[in-house]
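Working notes, beginning with the structure itself.
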Amino acid sequence: MLKRNLNIKLKSREEIDIMREAGRISALALKTAGEAIEPGISTKELDIIAQNCIESNGAKPSFLGVDGFPATACISVNEQLIHCIPSGEKIIKEGDIVSIDVGACINGFHGDNTRTFACGKISKVAKSLLEVTEKSLQIGIENAKISNHIGDIGHSIQNFVESFGFSVIKNYVGHGIGRSVHEAPSVPNYGKKFSGPVIENGLVIAIEPMVSIGSPELEALSESGWNVVTKDRSLCAHFEHTVAITEEGTFVLTLV
Ligand code: MG
């Protein structure tokens with residue numbers, strides 16, 4: 001039976017064009033902050049760079065104030081996975097891996113993207129983690145096409161990641177995106193083929209594999225649920241793009 005999720009808001013061609021601009025600014029903020037990573041810089045300084053970039057392009061940071069999040073970007077280092085609040089005390093060192101998750105809103109629509117950057121020379125396993133996670137995002141995007149199921153995306157990501165002995169994080173998932181930064185459907189990075197809603201023309205989703213070299217279990221260090229780290233403190237990575245799925249093909253919107 002065809003499973004339809006009535007909460008999914010499919011986007012028109014015009015709406016996708018606006019989302020392309022939100023995606024472009026999100027990608028520019030990510031690139032600009034990423035290029036500023038160097039030993040000695042704080043995650044707070046990187047956050048200000050991302051915020052300035054978004055605002056100077058006439059957009060607004062998508063995450064600022066969401067559930068009380070106090071910054072523009074989530075910036076997570078090494079064993080930190082997601083939703084880490086930038087801080088003047090968190091100083092980047094040579095050999096760190098730094099995930100920047102940032103979104104921008106313009107004309108009422110959001111973009112959302114993440115990349116894990118290397119600061120200088122990183123360990124062999126960290127390099128492999130980054131390569132596998134980035135490639136798993138590409139594989140997920142290849143499976144995001146009309147008539148496939150949402151579960152096909154996660155299935156392909158999980159299979160690829162686990163073939164390297166790494167773990168897919170299950171507690172956090174990708175999502176629909178549009179006038180809200182988080183919309184239906186959920187887009188897990190694991191699952192079974194042919195499961196979940198069928199992908200239709202005009203679906204816009206953020207696909208965001210998160211991968212750990214150790215256990216996928218997590219722990220939030222802040223009482224309000226921010227600053228999520230891997231429980232065994234193993235390295236983790238996170239890559240994300242916002243993509244539009246249409247009859248003409250699947251398009252990554254978060255491109256500079
Ligand atoms: Mg996201």
Side-chain angles (χ1 to χ4, degrees), residues 7-9 11 16 19-20 22-31 33-34 46-47 50-51 54 59-76 80-86 98-106 109-117 133-134 136-141 143-144 150 153-154 157 161 168-191 196 199 203-212 218 220 225-228 236-245 250-255:
N7 295 320
I8 294 174
K9 297 183 180 79
K11 274 68 181 183
I16 290 173
M19 292 195 72
R20 198 169 269 118
R24 185 189 71 80
I25 298 168
S26 303
L28 188 62
L30 180 61
K31 180 172 185 276
L46 295 174
D47 186 61
Q51 181 170 355
I54 290 170
K60 287 195 179 116
S62 291
F63 306 159
L64 185 63
V66 173
D67 296 327
F69 189 76
T72 291
C74 303
I75 306 183
S76 311
Q80 298 181 329
L81 175 72
I82 193 173
H83 298 166
C84 289
I85 299 171
V98 183
S99 300
I100 302 180
D101 184 352
V102 66
C105 179
I106 192 160
F109 285 90
H110 294 270
D112 189 3
N113 63 174
T114 307
R115 181 176 190 87
T116 304
F117 297 91
T133 311
E134 183 169 23
S136 78
L137 171 58
Q138 286 166 18
I139 290 170
I141 292 170
N143 281 278
I150 289 291
I153 299 172
I157 289 172
V161 166
V168 159
I169 304 295
K170 296 184 175 170
N171 303 50
Y172 293 93
V173 297
H175 48 91
I177 178 167
R179 288 192 183 275
S180 295
V181 70
H182 295 125
E183 294 184 355
S186 290
V187 184
N189 298 302
Y190 60 92
I199 297 173
L203 181 70
V204 183
I205 51 175
I207 304 176
E208 49 179 320
M210 288 159 243
V211 175
S212 151
L218 305 176
W226 307 122
N227 300 332
V228 175
C236 47
H238 182 190
F239 283 75
E240 175 183 30
H241 271 308
T242 298
V243 302
I245 303 144
T250 297
F251 301 95
V252 175
L253 303 183
T254 33
L255 293 177

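Counting begins at 1 with the first residue of the sequence. As the structure lists them, so they are numbered: ligands from 1, and atoms in each ligand from 1. Hydrogens, waters and symmetry mates play no part in the numbers below; they use all other heavy atoms, side chains included.
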Worksheet item: Can you name the side chain to side chain contact (heavy atoms under 4.5 Å, CB included) partners of N7, sequence neighbours left out?
Response: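 N7 satisfies side chain to side chain contact (heavy atoms under 4.5 Å, CB included) with N5, A184 only.
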Worksheet item: Taking only residues two or more places apart in sequence or in another chain, which ones pass ring pair (Phe, Tyr, Trp, His ring centres under 6.0 Å) with F251?
Response: none
Item to complete: Verify, without hydrogens or angle tests, whether T254 (side chain) and H241 (backbone) share a donor-acceptor contact under 3.5 angstrom.
Response: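 Looks like no, no N/O pair under 3.5 Å.
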Worksheet item: So which protein N/O/S atoms does the Mg ion (ligand 1) have within less than 2.8 Å?
Response: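 Listed by chain and number: D112 OD2, H175 NE2, E208 OE2, E240 OE2.
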Fill in: Distance (rounded to the nearest 0.5 Å) between M210 CE and D101 CG
8.0 Å
Discussion item. For a ring pair (Phe, Tyr, Trp, His ring centres under 6.0 Å) check, start with the C-alpha distance between Y172 and H238, then their side-chain angles and the critical distance, and finish with the verdict.
Written reply: CA-CA 11 Å; Y172 293 93; H238 182 190; 8.9 Å; no
Fill in: With sequence neighbours excluded, residues passing side-chain hydrogen bond (donor to acceptor under 3.5 Å, both in side chains) with S62
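In terms of side-chain hydrogen bond (donor to acceptor under 3.5 Å, both in side chains), with neighbours along the sequence ignored, S62 is linked to H110.
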